[in-house]
Trainee: 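Structure below; questions to follow.
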There are 2 protein chains.
Amino acid sequence: MDDLAEILELDDAGNPLQGRIVQIFQVACRLFAHRGFDGVSMRDIAAECGISKATLYHYFPGKDSILRPLAMGTTKSIFLHVQKYDDPTAPPLVRLRVFLVESANFFEKFRWAWIASSTAFWSDPKVRARKERIAWRDKYEQLLRDILQAGVDRGEIRVDDVRLAGRFVLSTINWMARWFDPDGPLTAAQVGDQFCNMIVNGIGAAQRPAPKEAVAQD
Amino acid sequence: MDDLAEILELDDAGNPLQGRIVQIFQVACRLFAHRGFDGVSMRDIAAECGISKATLYHYFPGKDSILRPLAMGTTKSIFLHVQKYDDPTAPPLVRLRVFLVESANFFEKFRWAWIASSTAFWSDPKVRARKERIAWRDKYEQLLRDILQAGVDRGEIRVDDVRLAGRFVLSTINWMARWFDPDGPLTAAQVGDQFCNMIVNGIGAAQRPAPKEAVAQD
DNA sequence: CGATACTGACCGGACGGTCGGTCGGCTTTC
DNA sequence: GAAAGCCGACCGACCGTCCGGTCAGTATCG
């Protein structure tokens, strides 16, 4: 189960979140991930938590206010997580690998929150906490672009369009939410690592060294 | 506007679909793509078509029966479309490029149907015409894997795991639905083409020839 | 005692879906 | 050729259900 307390904001007084609130977040984001925001009713959440719907409203003023911290916390935390592991002085290809592997690690650890958060983004383009959330998302994407640009500047990465290349890289991570099976043979980090190999070296076999030699492995 | 008549099944008598039915499909899939299946009511669809809700039910027995042919038609048609352009005797790297570019072309032409269809798949994993639809989806993915495997067998593609590589390739196409702007500077086909460059050659600049030389260009 | 956790009953409204019926155009019949 | 029969397109009104959300009240606890 995702340890959501790590990625959720503290309450107004700065105290850690109460158990019941964390439970509601956990239940809600698991349900949102499976059935989508509109497919989950407040009754469902309350029942799954073993409390009445009125009690749910005792803790949350509305349905949106359950989703918003989830989406916000996830979007903000993945940036902070990846940034924490990024060493701007390291070789760009190493930074790129760290970016991918740590994004995958975050995805695996907070899988339900990630999925709930991305479907939320998708299902409702109008009002749900867009601005601040998009700002964090942009920082995340910008970090990737910075890495790519650094690689281009150093002559270690060759792309025509850094923005397009950034979307190319993010596609592979973002789409994992649709098919990744935690019980499958590979961990998310292993998938991120292999994706990085393909991103950096390509899958073509034209005259070039074997993938292992092209970039540092851990 | 998507020309949905191309990808939708004919009626029971084999006649082309009536204008009103096509209109309903077009309106519905545009709305589904924007707000999600659950975010669109039958009233919305009827109002957008300029008819009453009762008339809508005159043509369709239920809400699901609007979505199902859309999702089915899209999933089936993209396979048929890509297969039509695939030449199994061509070099695998050329076939891969055709696969990507034609997938992108299909996406651009039937953008709303594609998006509506993929959100539908997502929002409800239970009953909505799963079996047959998944069968077409599998054929589409299998065609890509066949291309990759052919490349591996000929020594023109180097991957550890064809299935994982297939997901890698599909990620880039599937995620386009989330960011592609038809009014942007690139056509979908151009994006697919550039993605193919990155997939085949990688973005690393390690000692290897320039992308243009590594694979045939049209 | 007051504050907090909690509840069942309830509300207005939107949902998917149904029903009885109107209307204009096309056949059929004499 | 016109009356009769028919049919598909269409509509307003309505149904039961479930939604998000509210509220008065109770149990518990420091």
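Here is how names work: the chains are called A, B, and so on, in the same order as the sequence lines, proteins then strands, and each is numbered from 1. As the structure is a prediction and not an experimental result, all values here were calculated from the model.
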Trainee: I need a per-nucleotide contact map over nucleotides 3-8 of chain C, read 5' to 3'. Cutoff is protein heavy atoms under 4.0 Å; write B for the base, S for backbone only, - otherwise.
Mentor: --BSBB
Trainee: Atom CD1 of B:I45 and atom P of D:dC10: how far apart are they, to the nearest Å?
Mentor: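 About 16 Å, once rounded to whole Å.
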Trainee: Would a 4.5 Å heavy-atom cut-off, applied to side chains only, mark A:V200 and A:I157 as touching?
Mentor: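 No, every pair of side-chain atoms sits at 4.5 Å or beyond.
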Trainee: Measuring only between side-chain heavy atoms, which start at C-beta, is A:R178 closer than 4.5 Å to B:N174?
Mentor: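 No, side chains not in contact.
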Trainee: Please state how far atom CG in B:D38 lies from atom C1' in C:dA14, giving the value in whole angstrom units.
Mentor: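 To the nearest whole Å, that distance equals 14 Å.
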Trainee: Tell me whether B:D161 at atom CG has more than 12 heavy atoms from other residues, nucleotides or ligands lying less than 6.0 Å away.
Mentor: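 Counting neighbours around CG of B:D161, more than 12 heavy atoms of other residues, nucleotides or ligands fall under 6.0 Å, so yes.
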Trainee: Quick one: A:M42 CE to D:dG20 P, roughly how many Å, whole number?
Mentor: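 Roughly 7 Å, once rounded to whole Å.
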Trainee: OH of A:Y57 versus C1' of C:dC11: gap in Å, rounded?
Mentor: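 These atoms are roughly 13 Å apart.
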Trainee: Please state whether the rings of B:F195 and A:F168 are parallel, tilted or perpendicular, taking 30° and 60° as the class boundaries.
Mentor: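 The arrangement is tilted - the two ring planes meet at 30° to 60°.
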Trainee: In plain terms, say whether A:R97 and A:D193 are close enough for a salt bridge, that is, a side-chain N and a carboxylate O under 4.0 Å apart.
Mentor: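 The answer is yes: the pair qualifies as a salt bridge.
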Trainee: Rounded to whole angstrom units, what separation is found between the CZ atom of A:R43 and the C1' atom of C:dA9?
Mentor: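 Atom CZ in A:R43 sits about 12 Å away from atom C1' in C:dA9.
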Trainee: Determine whether more than 12 heavy atoms belonging to other residues, nucleotides or ligands lie under 6.0 Å from atom CG of A:D138.
Mentor: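 For A:D138, atom CG is crowded (more than 12 foreign heavy atoms under 6.0 Å).
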Trainee: Check the distance between D:dC10's C1' and B:F60's CZ and give it to me in whole angstrom.
Mentor: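 Whole-Å distance recorded here is 16 Å.
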Trainee: Using every non-hydrogen atom in the two residues, find where B:I147 and B:P92 come nearest and quote the distance to one decimal.
Mentor: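 Where B:I147 meets B:P92 most closely, the heavy atoms are CG2-O, 3.5 Å.
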Trainee: How would nucleotides 25-30 of chain D be written as a contact map, 5' to 3', with B for base contact, S for sugar-phosphate-only contact and - for no contact, using protein heavy atoms under 4.0 Å?
Mentor: ------
Trainee: So which pairs with a foot in residues 59-90 of chain A pass ring-ring contact (aromatic ring centres under 6.0 Å, His included), sequence neighbours left out?
Mentor: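 Residue pairs passing ring-ring contact (aromatic ring centres under 6.0 Å, His included), neighbours aside: A:F25-A:F60, A:F79-A:W136, A:H81-A:Y85, A:H81-A:F106.
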